Amino acid sequence: MMVSRCYRLPLFLRPCRLSILPLLCLLLTLFTRLAFAEPMMWEVRPSEGGGKAYLFGSIHFGTSELYPLPEYVLAAFNDSEALVVELDMDQVSTAQASQILIANGRLPKGETLKSRLTQSQWDDLLEIARYVGLPAPAFQRLRPWMVAVQLTAAKIRRSGFSEEYGVDKHMLELAKSQTPTKPVIELETFAQQMALFEGLDGPEEVAFLLQSMDEFHKTPASLMAIIQAWKQGDEAVLEELISGAFNQPPAGEPMPNQPLAQATAEAPSSGAAPKAYAALDPVAQNRRASTDDLYQRIFTDRNIMMQKQIAGRVREGERLFVVVGAGHILGGDGLKTRLEQEGFRVRLQGSSESAGLK
């Protein structure tokens, strides 16, 4: 692996065939209810022309219980000329990924992670690291966002979930197993994803790490709830949980402004920490600012970029199967709404509609 001799990535930080960004989304995604009986997929058509796209939301970590996928999903995939994903890590070499992670994930020379935390926060971090079996001293030179990602990924894997069962990875394997292989279109690069975090300042990064530590032990239950909601196709709940986790109101609703006691009383039964405490103390304000900025970076800005690429290709007559994180599709800021506002016809697909794919 082509890395500097003075710094070799610890084993648990060496690049896997996985985009890191989805992990960050998982850190802040909570709650669920159940509704319909099948995953959601939408067909997108222009007002004129023969192109179309299928939008299918991905869960990036999962279990074997996600499969097999419904027949209408596979039929749409087979009806498409190309698979569109956020990123195909198989196209990124280990050396390239290592260089990008080192460039973006290390603290400036002379700084340590411990120096950015209080003694109590550092002690809590050491306890979490011991719990998942990671060497905490290796964190000293890493930026807080990178540590948050690695701790959460370790917790998810320790709890029996795997990126090997991620929906996007599954669809990539299907595309590459066909003869001839189905073309794969990447919406962004690994370097672009990592560059999203360059603008985070010190307090924002620390706030993000602290929030991930606060929610550390809830992560497996939260992920299982997300998987169940995804399997049942509960659009309203998935939108609510994603927007709520980032302190964003559901589409068309104002940002809540309520006392902590009220927020606690109204919190979902899943035990998720209330998000309406941001006005109560400076630490909470930093965390609120951090999640607002992360929502802009992870969702809004990237949704605009994805919308432009998908819309352009569909107008040119291409037939695409688009599988991106479910959070990019749902909500007033998601691809479904954005494409509708741009004049595309967007229709929910399911087993009853699968016969009409042509």
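Because the structure is a prediction, the values reported are computed rather than measured. Note: hydrogens, waters and symmetry copies are ignored here, and every other heavy atom, side chains too, is used. Residue numbers count from 1 along this sequence.
- Here the straight-line distance linking atom OG of S58 with atom CG of L66 works out to 9.0 Å at 0.5 Å rounding.
- A salt bridge does not link R345 with E340: none of the charged nitrogens is closer than 4.0 Å to a carboxylate oxygen.
- Exactly one residue among F77, F61, Y165, Y67 makes a ring pair (Phe, Tyr, Trp, His ring centres under 6.0 Å) with H170. That residue is Y67.
- Smallest separation of non-hydrogen atoms from F208 and A148: CE2-CB, 3.6 Å.
- Between H328 and F299, the ring planes are tilted. Angles from 30° to 60° get that label.
- A 4.5 Å side-chain heavy-atom check between L74 and L174 finds at least one atom pair inside the cut-off.
- When all heavy atoms are compared, the tightest approach of A97 to M89 is CB-CE, 4.4 Å.
- Put simply, the side chain of F321 reaches to within 4.5 Å of the side chain of M41, judged on heavy atoms.
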Report task. Given side-chain contact (heavy atoms from CB on, under 4.5 Å), test F161 with M224 step by step and report yes or no. Result -> CA-CA 9 Å; F161 301 95; M224 180 55 73; 3.8 Å; yes

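- Side-chain contact check for M171 versus L69: some heavy-atom pair is nearer than 4.5 Å.
- Once rounded to the nearest 0.5 Å, the distance linking CG of L210 with CD of E215 reads 11.5 Å.
- H60 is not listed as a side-chain neighbour of E163, based on a closest heavy-atom distance of 4.5 Å or more.
- Remark: E205 engages R116 in a salt bridge, criterion side-chain N to carboxylate O under 4.0 Å.
- The shortest non-hydrogen separation linking G331 to T337 is O-OG1, 3.0 Å.
- P144 places a side-chain heavy atom less than 4.5 Å from the side chain of V206.
- I59 approaches W230 most closely through the heavy-atom pair CG1-CG, 3.6 Å.
- The closest side-chain heavy-atom distance from M194 to L101 is below 4.5 Å.
- A salt bridge between R143 and E111 is absent, with no side-chain N of the basic residue lying under 4.0 Å from a carboxylate O of the acidic one.
- Taking a cutoff of 4.0 Å between a charged side-chain nitrogen and a carboxylate oxygen, R302 and E86 qualify as a salt bridge.
- One distance of note links CZ of R157 with OG1 of T152; it measures 10.5 Å at 0.5 Å rounding.
- E235 has its side chain within reach of K336: a pair of non-hydrogen atoms, C-beta onward, lies under 4.5 Å apart.
- Of the options V85, I310, L187, D168, a side chain to side chain contact (heavy atoms under 4.5 Å, CB included) to V324 is made by L187 and by none of the others.
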Query - W42 and L339: CA distance, side-chain angles, deciding distance, side-chain contact (heavy atoms from CB on, under 4.5 Å) verdict - result: CA-CA 11 Å; W42 290 267; L339 290 167; over 6 Å; no

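- When every heavy atom of G57 is checked against every heavy atom of I329, the shortest pair comes out as N-CD1, 3.4 Å.
- The number of heavy-atom neighbours closer than 6.0 Å to CD of E127, taken from other residues, nucleotides and ligands shown, is 12 or below.
- Using modelled atom types, one finds a donor on one side chain and an acceptor on the other under 3.5 Å when comparing D123 with Q119.
- The shortest heavy-atom contact between I227 and G62 is CD1-CA, 4.0 Å.
- We find that R338 and E342 are not joined by a salt bridge, their nearest charged nitrogen and carboxylate oxygen being 4.0 Å or further apart.
- Between the CD atom in E43 and the NZ atom in K52 there is a gap of 5.0 Å [rounded to 0.5 Å].
- Separation of atoms CG (L209) and CE (M146) is listed at 12.5 Å; rounding is to 0.5 Å.
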Requested in this report: Go through the steps to decide whether Q193 and E188 satisfy the test side chain to side chain donor-acceptor pair (under 3.5 Å), and finish with yes or no.
Outcome: CA-CA 7 Å; Q193 288 192 349; E188 54 196 350; 3.0 Å; yes

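- Surrounding NZ of K176 are more than 12 heavy atoms belonging to other residues, nucleotides or ligands, all under 6.0 Å away.
- Contact of the D88 side chain with the L172 side chain is registered, since non-hydrogen atoms from C-beta on lie closer than 4.5 Å.
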Report task. Please lay out, stage by stage, how K231 and E65 fare under the test side-chain contact (heavy atoms from CB on, under 4.5 Å). Result -> CA-CA 9 Å; K231 289 172 64 176; E65 294 180 1; 4.1 Å; yes

